[in-house]
Amino acid sequence: MKLSFIALGLAVLWIAVASPFAHLTHHLLTAHMVQHLLIMMVAAPLILLGARSIVIRWRFHSVLCWLAGTVTVVVWHVPAVFELALQSPGWHDFEQVTFFAAGILFWWPVIQTRRVAADSARWLVPVYLLLATLPCDALSAFLAFCGHVVYRPYLAGGGHFGMSALEDQALAGALMWVTVTFAYLIPALVATARLLSDEPERIVEIGVC
C-alpha cells in the first residue's frame with residue numbers, strides 16, 4: 001500500500017511536469033494552475049503518505065510548514081516572478097521543485113499528526129487547514145474577478161479552446177478557489193469529526209480514573 005501511494009504520486013508528478021499536458025502551461029493559465037495543483041495538492045501528499053514510516057522521525061514546526069506552503073503559492077503568483085518562470089526554463093524547473101517541496105512541508109503536520117496522541121497537536125490540524133484557505137482564496141478571487149489579464153505572456157496565447165486570455169484567467173482562478181477549498185476543508189472536517197468522536201471515550205476514561 002505504501003509503495004502504491006508513492007507510485008501514484010510519482011505518476012501524477014510525471015503528468016504535471018513531463019507529459020504532453022505540461023506543454024499547455026505556456027499557453028493556458030488554467031493548465032499552469034492545474035500543474036501547480038497536481039504537484040502540491042496531489043503528488044506531494046501521496047508521496048508523503050507512502051514514505052511517512054521512513055520520515056516519521058523528522059520534525060518540522062507547523063508554522064514553518066504553513067508558511068512554506070502559503071508563501072510559495074503567493075510569491076510565485078506575483079506577476080514579475082510568474083513571468084520570469086514562464087519565460088525561463090531554468091526558473092520554471094526551480095518553480096516546480098519549490099512547489100513540490102512546499103507541498104511536502106505543508107502536508108507534513110496534517111499527515112504526521114495522526115500519529116501524535118496529544119490533543120493540542122491533533123486539534124491544530126483543522127485550524128491549520130482552515131487558515132491555509134484564506135490567502136489562496138484571496139489570490140484566486142483576485143484572478144477570477146480583477147477584470148484584466150495579470151500575466152502578460154498569456155495575452156498572446158488567447159484563443160485556445162475558444163477562450164480569451166481573460167476567460168482563461170477567470171477559469172484558472174475559479175479552479176484554484178474550488179480545488180483548494182475542498183482539498184483543505186474536507187481533511188479539516190474529517191479531522192474534526194474524528195476528534196469529536198474520540199471525546200466520549202476520553203470522558204469515560206476520565207470518569208473511570
Side-chain angles (χ1 to χ4, degrees), residues 8-47 66-107 129-186:
L8 185 57
L10 290 174
V12 172
L13 194 60
W14 176 83
I15 291 171
V17 303
S19 72
F21 165 79
H23 296 293
L24 281 174
T25 61
H26 292 280
H27 305 289
L28 285 171
L29 179 59
T30 301
H32 206 130
M33 190 67 71
V34 170
Q35 182 184 60
H36 293 171
L37 293 170
L38 287 175
I39 293 172
M40 197 168 184
M41 303 290 174
V42 183
L46 282 173
I47 292 172
W66 191 91
L67 287 173
T70 302
V71 172
T72 297
V73 171
V74 172
V75 168
W76 280 113
H77 285 88
V78 172
V81 182
F82 188 98
E83 291 172 15
L84 175 64
L86 201 61
Q87 296 166 353
S88 167
W91 278 106
H92 191 232
D93 291 342
F94 179 68
E95 177 192 37
Q96 293 170 341
V97 170
T98 56
F99 265 101
F100 179 71
I104 293 290
L105 284 172
F106 177 83
W107 289 104
L129 289 168
L130 288 171
L131 289 176
T133 64
L134 301 180
C136 290
D137 285 352
L139 174 60
S140 55
F142 172 73
L143 292 175
F145 300 117
C146 70
H148 66 274
V149 176
V150 176
Y151 306 115
R152 292 169 298 176
Y154 286 116
L155 283 169
H160 286 82
F161 301 101
M163 291 188 297
S164 67
L166 188 58
E167 290 170 335
D168 173 37
Q169 178 178 289
L171 178 59
L175 179 66
M176 180 184 183
W177 201 339
V178 172
T179 303
V180 169
T181 299
F182 279 98
Y184 290 173
L185 290 186
I186 289 176

Next item on the list: Report the distance from atom CG of L129 to atom CD1 of I186, rounding to the nearest 0.5 Å.
Entry: 11.5 Å
Check: Picking from V178, T179, L185, what satisfies side-chain contact (heavy atoms from CB on, under 4.5 Å) with F182?
Finding: V178
Margin query: Checking the side chain of T133 only, and the main-chain atoms of L130 only, is there a donor and an acceptor separated by less than 3.5 Å?
Written below: yes
Checklist line | F21 vs V34 side-chain heavy atoms within contact, under 4.5 Å | finding: yes
Check: H36 and E95: side-chain hydrogen bond (donor to acceptor under 3.5 Å, both in side chains), yes or no, with the steps?
Finding: CA-CA 9 Å; H36 293 171; E95 177 192 37; 3.3 Å; yes
Next item on the list: Indicate the atoms forming the closest heavy-atom contact of S140 with G173, along with that distance.
Entry: CB-O, 3.1 Å
Next item on the list: Rounded to the nearest 0.5 Å, what's the gap from CD1 on I104 to CZ on F100? Could you check?
Entry: 4.0 Å
Next item on the list: Step through the shown structure and confirm whether more than 12 heavy atoms of other residues, nucleotides or ligands are within 6.0 Å of CH2 on W91.
Entry: no
Margin query: Would the distance check show the side chain of S88 and the main-chain N or O of L84 forming a donor-acceptor pair, the cut-off being under 3.5 Å?
Written below: no
Check: Which heavy atom of H27 sits nearest a heavy atom of D168, and at what distance?
Finding: O-OD2, 4.5 Å
Next item on the list: May I ask you to check whether F82 and H32 place their ring centers less than 6.0 Å from one another?
Entry: yes
Check: Sub-3.5 Å donor-acceptor pair from the side chain of Q35 to the main-chain atoms of A22, do we have one?
Finding: no
Check: Where is the tightest heavy-atom contact between A165 and V149, given as atom of each residue plus distance?
Finding: CB-CG2, 3.9 Å
Note to self: If I take atom OG1 from residue T25 and atom NE2 from residue H92, how far apart are they, to the nearest 0.5 angstrom?
What the structure shows: 4.5 Å
Note to self: Can you confirm whether H77 sits close enough to M33 that some side-chain heavy atom of one is under 4.5 Å from a side-chain heavy atom of the other?
What the structure shows: yes
Notebook entry, point to check: To the nearest 0.5 Å, what is the distance between CG (L46) and CG (L8)?
Noted result: 5.0 Å
Next item on the list: Indicate yes or no for a side-chain donor-acceptor contact from Y184 to the backbone of L131 under 3.5 Å, with no hydrogens or angles considered.
Entry: no
Notebook entry, point to check: Just wondering, do L143 and W177 contact through their side chains at under 4.5 Å, heavy atoms?
Noted result: no
Note to self: Please check: side-chain N/O of T70 versus main-chain N/O of L67, any donor-acceptor pairing under 3.5 Å?
What the structure shows: no
Item checked: Distance in Å, L105 CG paired with M40 CE, rounded so as to fall on 0.5 Å steps -> 9.0 Å
Margin query: Could you report the tightest heavy-atom contact between V81 and V75, atom names first, then the distance?
Written below: CB-O, 3.5 Å
Margin query: Which heavy atom of C136 sits nearest to which heavy atom of V180, and what is that distance?
Written below: CB-CG1, 3.7 Å
Margin query: Tell me the closest heavy-atom pair linking V74 and P135, and the distance in Å.
Written below: CG2-CB, 4.5 Å
Margin query: Test side-chain contact (heavy atoms from CB on, under 4.5 Å) on Y151 and L86; report intermediate values, then the result.
Written below: CA-CA 10 Å; Y151 306 115; L86 201 61; 5.7 Å; no
Notebook entry, point to check: Once you round to the nearest 0.5 Å, how far does CG of L10 lie from CD1 of I15?
Noted result: 11.5 Å
Next item on the list: List for me each residue that meets salt bridge (charged side-chain N to carboxylate O under 4.0 Å, His left out) alongside E83, sequence neighbours excluded, and say none if there are none.
Entry: R152
Check: Is the F142 ring parallel, tilted or perpendicular to the H148 ring (thresholds 30°, 60°)?
Finding: perpendicular
